[in-house]
There are 2 protein chains.
Amino acid sequence: MTRLYNDPTAFADEMIDGFARASARWVQRVPGGVTRSTRSEPGTVALVIGGGSGHYPAFGGLVGPGLAHGAALGNLFASPSAQQVRHVSEAADQGGGILLSFGNYAGDVANFGRARDELIAHGVDCRIVTITDDISSAPASERHKRRGIAGDFTVFKCAGAAAERGDDLDDVERIARKANDRTRSFGVAFSGCSLPGAAEPLFTVPEGRMAVGMGIHGEPGIDERDVPTADELAELFVSSLLAELPDDIEDVRGARVAVILNGLGSVKYEELFVVYSGVARRLDAAGIEVVEPEVGELVTSFDMAGASLTLFWLDDELEELWRAPADAPAYSKGSVGPTVAADVWQADDETVPIPEASEASRSAALTVLAAIEALTTIVDEHADELGRIDAVAGDGDHGIGMQRGSGAALVAARDAVERGAGAGTVLALAADAWSDRAGGTSGALWGAVLAALGDALTDDAAPDRASVAAGVTAATTAVLGFGASPGDKTMVDAIVPFRDALTAALDEGDSLAEAWSDAADVTELAAAATADLLPRMGRARPHAEKSLGTPDAGAVSFALIVVAVGAVLRDAATDN
Amino acid sequence: MTRLYNDPTAFADEMIDGFARASARWVQRVPGGVTRSTRSEPGTVALVIGGGSGHYPAFGGLVGPGLAHGAALGNLFASPSAQQVRHVSEAADQGGGILLSFGNYAGDVANFGRARDELIAHGVDCRIVTITDDISSAPASERHKRRGIAGDFTVFKCAGAAAERGDDLDDVERIARKANDRTRSFGVAFSGCSLPGAAEPLFTVPEGRMAVGMGIHGEPGIDERDVPTADELAELFVSSLLAELPDDIEDVRGARVAVILNGLGSVKYEELFVVYSGVARRLDAAGIEVVEPEVGELVTSFDMAGASLTLFWLDDELEELWRAPADAPAYSKGSVGPTVAADVWQADDETVPIPEASEASRSAALTVLAAIEALTTIVDEHADELGRIDAVAGDGDHGIGMQRGSGAALVAARDAVERGAGAGTVLALAADAWSDRAGGTSGALWGAVLAALGDALTDDAAPDRASVAAGVTAATTAVLGFGASPGDKTMVDAIVPFRDALTAALDEGDSLAEAWSDAADVTELAAAATADLLPRMGRARPHAEKSLGTPDAGAVSFALIVVAVGAVLRDAATDN
């Protein structure tokens, strides 16, 4: 269990502070994460990695010569925001373009994706390679749906070495993609882990049992059985991975593999070495040549008891990159040669200029601000309850994340209104602040919702029934773009009925306040009805089956907000 | 808890096998442990470290250029035998002498000490520096009694760097001693750990509580309190260590320290970084300059939850050595430059020639062999019971250790008798085999007992009452030389009464068989009476207070053996 912390909500910040202080030889802190504190060759590609915190050495411990140039560090088990990824990328940029690489989780895909779009919009060439090594998380026919676990490391290692030797962005991307294609992992777990300050473990495995294929956030596995002997586990690992070879390998005899036997936290070195003895003997017997194996902790999950085996099928190009020197806080190989301290990174002045706005839009901005005030209040009031609901099937941080995001949105909206912004700009800046401070999936979703509304409302005319309908429709489309469908027990199950009810009422000629109010009633019912749904397999829904009877926290918070905003719209209609 | 193993008694062997396979870039397996697999400069000093297994990265993970040249790897939490230390030292020797360095525990002191004596007897210059950094384990006035914990690393690092740059043995020893004098550690624990296959944890800490000053094998601490916040722990660490400065530091302002925040196993990186943030801020505030800190796991105790802070007060010489490059399986710093593979080490032919023996002594050797057979049988019969008794106050491995040792002694004795050895040589070879295979404190003690008897019996004349009395007296003196006194609840409480009763009876003219039989009766009572004693604070006696009412396992096994040998002597007397 996690015992040592101060304020649990400050854990990630304090952890990154301590990490950066302890690791100043390799990294410096920048907004959103860390970059190298040593100088890199101008014009080379920068490899930017990242993900939620709680997986050290991933991701900050892997920044340094021969490995990554920067890491975006999210909250505990929550994706960094798009802004974090963009800030770290800008700080790491050396003029050769950016490769973003990370494990395949919905929140990370959304936030890194948005950061890529923004970087490209700002003229920085940027590519994405998501890592999908966990063979238990989807069948071979759907490799793109698989999660990334310890195989993160083989991709980072080869892409980092390629960038270090000066390969261009096309080549670094090609190599990262090839490394991912040739990396397979298989994991087991014996216990869960508890987040700082949590009263209950995030998930559990019955004592004496082993969850086969369980993910690093407790995602459901494919089987459960008694804890085996070390040799039996070695056999399970090796036989499972040899059952799915890369396409070009027909006979394993003579093949070369880099091997990672990764501990998740409290399976310790001694046990890993006993298992590795069995793994190595089995690979030897199969005629496979092991190249520079790693036995230890590279991608962890606090003190979760578990382990995974990764086989990385080398060719000549990949073997050279795997063997290349590297020097990071938590990983070192060979001699990287002398390093030179980099300049301390200075962010550009971040004050965004406020575009001109019409009198009507500036007036509407006051209603927008009142709505954001109201939703922040309702989120604060229900934060604990949202956390409890989320903990049934998720990681219990929905309330905290929504509080962090809405509070930041409110500060940004107030500042924008004071500076004379129109309704569209107020929403756009609130959107950025929300997703940046909340992080995770809910941060990305709410950032997208507010941004879509802001786009529709603009800074020109006063908002009307048509622009609000267009905004809500666009927001719903953006949320659907994150991949969930109706019935998956997510916020989609609230926003789609809301959109349908609102646009129908507006089509029938209702006033905005009336239509919104009616749609809010529909939304409340829809959110409550998610209690009857079973969630689809997702990032942190280990107790999926337990959640029958409990509504989805994202749908509930959406309904709460819609109701609160409806009250503001009624007040505004009355005032006019 | 430790879950992954095959046969628990084979755990250490399999662990070392897996470690050596995974770490072939740095180490090669040799009898007794590992040495570097890379070539070292001829004529330089070899640093040989070691201790019980279960503390990885200590000790095998710290072998490589810039660090140690070899590590003697004992069984779980049990010292390596003198033979192991000697074999590793011989394999690591480069002609510049050997520095043996290890944490200050009774078993290690005994076995490394005997290895040093043997190396010196074979013409190899050899010194010992024991590490005593744990300020909770004895008052400052008795620093030599303190245990070694994470401060092992600062001593190894500086001694290894000094040896690497070519310092002679006098200087390497002086530097190691100075590094130890300037290193202080303070530790806490939140939970115990369980050894492979053990039904119960080796020791426990109540849930929600913190044992202050508890040792890495569960040695009793100095206080117990509720688990504090991370900042409170940082304050406890820093204030405790700043209360005991090295003699030459009067004002800490401007002082330079190397800092190690060490995790014992399941306090994870993220928590350590949060604590480190508080440590670094406090050291900053005190005006202390932190030099290349280490936050992570360097000396562990399986998955025990605990942490310690080490402050290593640098001067110019030590700072240069602390900053020097190193490259080992579990620790790397800077660039050590290219390495060259070493030759695979080949042990000399280990077959010991059998000295000439008189007919009388060869005949007596048959009685000695019968005695060893009898004691092996009695140990086998009582192994489980001895383990249960030992588990009350110790680590429960006394039965296994005695089985391993006596079994090896029997094989060696049979071989020696077949090859025509006299009684003295049979006992000497049995002594070597016992201590080598058993390891730990009981192995060292029984090795010393058999060796003393062998010295007294010689290969010349038939043993008589005088030579047996002399042998038992010398054996008792050797056992007392390990440091325990009567009343400490150890084997001493059985062997001293045995010696006294035997020599008194022989003085009164009893036959050997009669005298032995009477002394055996006395010994049984003395062993049983140890149930009334409280053990002194020792290596693995965390539940000292619980052991009232249970006799000492070492005393009990001694009495069992004395009784069994008495029966053999009676039979022999009857036959003659």
Side-chain angles (χ1 to χ4, degrees), chain A residues 1-6 11 14-19 21-23 25 53-54 56-57 61 76 190 196 227-231 233 261 265-280 290 292-297 300 302-303 305 307 325 327 330 332-338, chain B residues 1-6 11-12 14-19 21-23 25 53-54 56-57 61 76 190 196 227-231 233 261 265-280 290 292-297 300 302-303 305 307 327 330 332-338:
Chain A
M1 59 179 297
T2 303
R3 292 179 182 84
L4 294 173
Y5 51 86
N6 299 305
F11 187 88
E14 296 187 346
M15 184 269 287
I16 297 167
D17 178 71
F19 164 65
R21 286 174 184 266
S23 310
R25 285 166 276 170
S53 290
Y56 194 87
L76 297 175
F190 309 105
V227 172
T229 67
D231 271 347
L233 180 59
L261 182 60
S266 64
V267 168
K268 297 310 300 176
Y269 312 102
E270 285 82 359
E271 295 173 276
L272 292 175
F273 286 132
V274 172
V275 175
Y276 183 72
S277 173
V279 167
V290 175
E292 300 196 346
E294 298 290 341
V295 178
E297 297 179 339
T300 64
F302 280 106
D303 63 337
D327 186 27
S332 183
K333 174 179 269 186
S335 294
V336 297
Chain B
M1 62 179 295
T2 303
R3 294 180 182 82
L4 295 172
Y5 51 86
N6 298 304
F11 187 89
E14 294 186 347
M15 185 267 287
I16 297 167
D17 178 70
F19 163 66
R21 285 174 185 268
S23 310
R25 284 166 277 169
S53 290
Y56 194 86
L76 298 175
F190 309 105
V227 172
T229 67
D231 271 347
L233 181 59
L261 182 60
S266 64
V267 167
K268 297 310 298 178
Y269 311 103
E270 285 81 1
E271 296 174 274
L272 291 175
F273 286 132
V274 172
V275 175
Y276 184 72
S277 173
V279 167
V290 174
E292 300 196 347
E294 297 292 341
V295 178
E297 297 179 338
T300 63
F302 280 106
D303 64 339
D327 186 27
S332 183
K333 174 179 270 186
S335 294
V336 298

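The chains referred to below are lettered A, B, ... by the order of the sequence lines, with proteins before strands, and numbering in each begins at 1.
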ask   = Hey, does A:L4 have a side-chain heavy atom less than 4.5 Å from the side chain of B:V274?
value =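 Sidechains of A:L4 and B:V274: no contact.
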key: Minimum side-chain heavy-atom gap B:T300-A:Y269 below 4.5 Å   =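 When only atoms from C-beta onward are counted, A:Y269 and B:T300 do touch, with a gap below 4.5 Å.
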request  = Quick one: which of B:N6, B:T2, B:L272 has the most heavy-atom pairs under 4.5 Å with chain A, could you say?
outcome  =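 Heavy-atom pair counts peak at B:N6.
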Leading residue by heavy atom contact count with chain A [cutoff under 4.5 Å; candidates B:E270, B:E14, B:K333] =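 With the most close heavy-atom pairs to chain A, the winner is B:E270.
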Region of [X] that comes under 4.5 Å of a non-hydrogen atom in chain A:
{"X": "B:R3", "result": "both"}
{"X": "B:V290", "result": "neither"}
{"X": "B:F302", "result": "both"}

query = What part of A:Y56 lies closer than 4.5 angstrom to a heavy atom of chain B: side chain, backbone, both or neither?
reply =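 Both backbone and side chain.
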key: Non-hydrogen atoms of A:S332 and B:S332 that approach each other most closely   =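 Closest approach of A:S332 to B:S332: OG-OG, 2.9 Å.
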inquiry  = Any side-chain to backbone donor/acceptor pair from A:R25 onto B:G334? Under 3.5 Å, distance only.
reply    =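 Side chain of A:R25 to backbone of B:G334: no pair is present.
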task = Would you tell me whether B:S266 and A:S266 have side-chain atoms, one donor and one acceptor, within less than 3.5 Å of each other?
result =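 Judged by distance alone, the side chains do not pair up.
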Residue list, salt bridge (charged side-chain N to carboxylate O under 4.0 Å, His left out) with A:E271, at least two apart or on another chain =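 Not a single residue meets the salt bridge (charged side-chain N to carboxylate O under 4.0 Å, His left out) criterion with A:E271.
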task = Could you tell me which residues satisfy salt bridge (charged side-chain N to carboxylate O under 4.0 Å, His left out) with A:R21, sequence neighbours excluded, listed by chain and number?
result =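 A:D17, B:D284.
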request  = Could you tell me the separation between the OG atom of B:S277 and the CD1 atom of A:I16, rounded to the nearest 0.5 Å?
outcome  =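 B:S277 OG to A:I16 CD1: 11.0 Å, rounded to 0.5 Å.
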inquiry  = Return the CZ to OG distance between A:F273 and B:S23, rounded to the nearest 0.5 Å.
reply    =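 Interatomic distance, A:F273 CZ to B:S23 OG, rounded to 0.5 Å: 5.0 Å.
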